[in-house]
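The block underneath contains the structure these notes are about, expressed in structure tokens.
Since the model is a prediction, treat every value here as computed from it, not as a measurement. In this chain, numbering begins with 1 at the start of the sequence shown.
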Amino acid sequence: MTTHFFELPAEVIILIVCHLPLRDVVACKQLCRQLRTLIEQSQLLQCHFRTMSSGVEDLFIPGIRSYEFLKSLELWEMAWRKFDIGDRFARHRYHNVLWTVEHVVQNGHIAAMRLGDSSWHTTPGWSYADISRVQMQGDEIPQELTWADIQLDIGISPKGYVLDVNQDLVAVIFHRDAIWRRIEIQFLRFTTGKPHDLASNAILELDLECKSPADCEIAMGIMGSNLVLLASYKTRRRLSSRHQEIYFVDWTRGYIHRVRRVHDGTYFPVITFVSKDLIVLARKRDFSLEVCKIVEARDSTTFTLQTVCILKLPSVHPRTRVRFQMRNRTPLAGHSSLPALHSSKLPFRSSPMDAVLGFEINVRRAAPRSGSESRRLAFWVCHSTFCKYAAQAIKSSRASPSSGKTRTGGMRGFASGLVNSISHLFTNSSVRQWHEWGPQSTRWLECSDDLRDRQTLSGTRCAIVHQGSLTLMDFNAGRLANLRTQGIGMDSGLKAVVHPNVIDRGRCFLHDFTSRLPYCVSTRHGVKNRVLMDDEWILQFECFCSQEEGLFGWEGYIDFHSIIPAEYSWSET
């Protein structure tokens with residue numbers, strides 16, 4: 001016997017619809033009156049629909065009823081629409097030694113990461129504070145933050161790190177003073193600085209074989225148990241030419257494997273995950289973004305990096321020098337967040353599945369007769385864009401017929417098949433020109449100054465301090481649709497930007513190009529300091545130069561502002 005869909009219990013239908021994406025939930029509401037009534041009357045489905053349309057994860061804490069969850073979500077959305085920094089909650093005085101300290105805000109925690117500086121006698125490590133726990137106490141007088149200080153071994157020299165508060169993880173790349181030809185990777189707990197419990201090996205080693213560690217530049221990206229590392233050698237290695245190497249690290253199983261070796265100058269030092277098995281590299285030679293898939297072998301011991309799609313960027317003049325950077329990326333959660341690191345104020349946070357990536361580009365071209373030109377630009381693109389074009393490329397490669405020639409046996413047949421497979425990998429079907437994907441999937445902005453330290457990302461939001469004002473850009477499609485249909489920006493200063501903007505070609509770009517990715521925007525004037533943010537907190541950095549024993553450094557204050565007032569906080573469960 002076959003059972004009709006509507007003969008299933010209502011609870012079963014609700015659970016089925018809860019597993020559908022937002023577009024399919026909307027389609028179900030339009031299918032028939034019975035299904036639309038069931039969706040609109042179910043508080044569970046309403047929570048699911050609201051969280052997806054708002055771009056947040058459904059972190060439903062036990063003990064909170066559905067209507068309380070929806071009320072909290074509404075307050076959170078209203079606060080972000082107004083984007084009023086309001087009164088300062090707390091102020092912290094800090095001392096930043098040149099470029100050896102970088103502040104990061106993730107999941108209700110602020111961390112000051114120190115790479116170490118022998119001239120200022122600073123030890124490598126980091127300091128952190130849990131902002132949400134201070135706010136949860138609810139005292140009228142702002143309290144001083146309690147900072148925990150993690151100090152690493154003074155005998156190591158860190159070259160970089162990857163921080164993921166969601167996993168209570170810090171991956172540190174360093175070398176020891178006595179063994180400077182080898183770098184080591186150590187996976188530590190963010191809260192304690194001790195070796196992470198899930199790490200199989202305490203330290204992974206990688207031989208550089210270069211003249212000094214300063215001759216190697218490293219870029220890293222992490223997602224769950226996977227770490228991808230791009231090493232660029234600035235000088236010649238022994239008996240070999242300059243090159244770049246890409247390594248794949250599974251830190252829970254304790255091994256490192258080289259997956260690609262290319263000529264020097266192939267990639268910029270930019271690497272980031274957009275899903276659990278997709279990474280994006282920035283290519284130098286043809287100025288494009290390369291989407292790669294991490295493929296695991298059947299024996300689960302080796303991995304390969306397969307290029308599935310190449311997205312071309314606007315064409316530049318051949319003699320144009322380009323510097324490509326990426327800052328303040330939103331971390332992807334590979335595992336469920338540890339309970340100790342949950343933000344205790346709200347039962348949800350921005351979903352990382354469609355977060356926005358912010359890139360910065362400096363272009364410069366010197367011409368003998370026409371003069372030189374130097375320009376700074378920034379552009380934004382969502383994770384879902386890379387996932388969409390990667391899925392289309394994979395589907396196209398699977399559907400395309402194989403070569404019509406019959407493969408012959410022997411070595412000649414094997415070589416012919418190998419050439420055909422490599423040629424098929426880099427055919428035009430996997431390469432999308434700029435006009436095919438760029439205008440509708442990106443938004444570009446030309447800047448008068450460097451946005452390297454003036455841009456912060458959280459989920460689908462980007463905050464920029466530029467020319468004395470703070471601009472909040474929100475690329476969430478569901479929020480943009482609500483703004484355009486309901487007009488919620490009348491009293492909050494929030495407005496929709498749907499018209500395209502044009503970047504002139506000048507001497508660097510060969511052609512004018514447009515970008516039309518829509519977004520919501522609000523502006524607050526009179527903000528000149530650096531800003532960092534996450535889902536619940538905005539931090540302002542007020543810096544001024546100080547001098548001590550003839551050396552210059554940065555000193556100032558960090559002002560903490562809460563998005564949601566204290567009376568709407570949720571206590572821990």
Side-chain angles (χ1 to χ4, degrees), residues 98-99 102 160 214-219 230-236 241-244 262-272 280-290 310-329 356-381 431-435 437-439 441-457 462 464-468 471 473 500-515 517 530:
L98 298 179
W99 304 109
E102 180 180 357
D215 295 334
C216 179
E217 185 178 10
I218 294 178
L230 171 63
S232 303
Y233 295 95
K234 301 179 182 179
T235 59
R236 291 180 178 270
S241 59
R242 298 177 61 176
H243 64 278
Q244 294 177 306
V262 296
H263 293 292
D264 179 47
T266 301
Y267 296 109
F268 293 100
V270 171
I271 185 169
T272 181
V280 174
L281 302 169
R283 294 164 60 105
K284 269 187 179 182
R285 295 186 182 274
D286 55 357
F287 196 41
S288 60
L289 298 175
E290 179 179 343
I310 297 176
L311 304 178
K312 294 283 191 175
L313 291 172
S315 301
V316 295
H317 192 276
R319 292 191 297 271
T320 300
R321 299 186 62 179
V322 181
R323 185 164 62 95
F324 198 101
Q325 293 181 334
M326 179 179 179
R327 298 283 178 174
N328 288 317
R329 67 198 71 181
V356 64
L357 297 175
F359 298 96
E360 300 164 9
I361 296 178
N362 288 353
V363 292
R364 184 178 60 182
R365 181 189 171 210
R369 297 181 179 180
S370 57
S372 61
E373 182 184 52
S374 179
R375 302 170 70 176
R376 295 187 177 99
L377 304 101
F379 76 94
W380 298 269
V381 58
V431 178
R432 291 187 176 268
Q433 301 300 323
W434 165 255
H435 67 273
W437 78 277
S441 302
T442 63
R443 174 65 67 164
W444 288 67
L445 174 67
E446 191 156 9
C447 316
S448 59
D449 56 359
D450 195 355
L451 294 182
R452 180 177 58 182
D453 296 323
R454 295 175 177 268
Q455 178 182 175
T456 176
L457 303 176
C462 174
I464 303 175
V465 178
H466 185 57
Q467 296 182 346
T471 301
M473 307 168 64
N501 63 329
V502 180
I503 303 296
D504 299 330
R505 61 179 182 178
R507 294 190 179 96
C508 294
F509 293 98
L510 293 178
H511 310 285
D512 297 345
F513 62 93
T514 62
S515 61
L517 180 67
R530 181 189 176 195

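When all heavy atoms of Val262 and His243 are compared, the pair lying nearest together is O-CB, 3.1 Å. Glu373 and Arg507 make their closest contact through OE1-N, 2.8 Å (heavy atoms, listed as atom of the first residue, atom of the second, distance). In this structure, Ala366 and Ser372 approach most closely via the heavy-atom pair CA-CB, 3.8 Å. Tyr267 and Arg283 make their closest contact through CE2-CG, 3.6 Å (heavy atoms, listed as atom of the first residue, atom of the second, distance). The two residues Gln244 and Gly265 come nearest to each other via the heavy atoms OE1-N, 3.9 Å. Scanning all heavy atoms of the two residues, the minimum distance from Arg375 to Asp504 falls at NH1-O, 2.9 Å.
Taking the side chain as every heavy atom from C-beta outward, His511 and Pro314 never approach each other to under 4.5 Å. A 4.5 Å side-chain heavy-atom check between Thr471 and His466 finds every atom pair outside the cut-off.
Here the side chain of Asn501 pairs a donor or acceptor atom with the backbone of Trp444 at under 3.5 angstrom. Side chain of Asp512 to backbone of Arg505: a donor-acceptor contact under 3.5 angstrom is found. Under a 3.5 Å cut-off, the side chain of Arg365 and the backbone N or O of Cys508 do not form any donor-acceptor pair.
Here the straight-line distance linking atom CH2 of Trp434 with atom OG of Ser515 works out to 6.5 Å at 0.5 Å rounding. In this structure, Leu457 CG and Met473 CE are separated by 10.0 Å, a value rounded to the nearest 0.5 Å. Atom OG1 of Thr442 sits about 7.0 Å away from atom CG of Leu517, to the nearest 0.5 Å. From Gln433, atom CD reaches atom OG of Ser315 across 7.5 Å, with rounding to the nearest 0.5 Å. Here the CZ atom belonging to Arg443 is positioned 13.0 Å from the SG atom belonging to Cys462, to the nearest 0.5 angstrom. Between the CD1 atom of Ile503 and the CG atom of Leu445 there is a distance of 7.0 Å, given to the nearest 0.5 Å.
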Run the numbers on Asp264 and Ser232 for side-chain hydrogen bond (donor to acceptor under 3.5 Å, both in side chains), then give the verdict. CA-CA 7 Å; Asp264 179 47; Ser232 303; 5.6 Å; no
Check the pair His317 / Leu510 against side-chain contact (heavy atoms from CB on, under 4.5 Å), numbers first and verdict last. CA-CA 6 Å; His317 192 276; Leu510 293 178; 4.2 Å; yes
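Take Phe324 and apply the ring pair (Phe, Tyr, Trp, His ring centres under 6.0 Å) test, not counting sequence neighbours, and it matches Phe268, Phe359. For Lys312, the salt bridge (Lys or Arg N to Asp or Glu O under 4.0 Å) partners two or more places apart in sequence, or in a different chain, are Asp286. Every residue two or more places apart in sequence or in another chain that forms a side chain to side chain contact (heavy atoms under 4.5 Å, CB included) with Val316 is listed here: Phe287, Thr320, Phe509.
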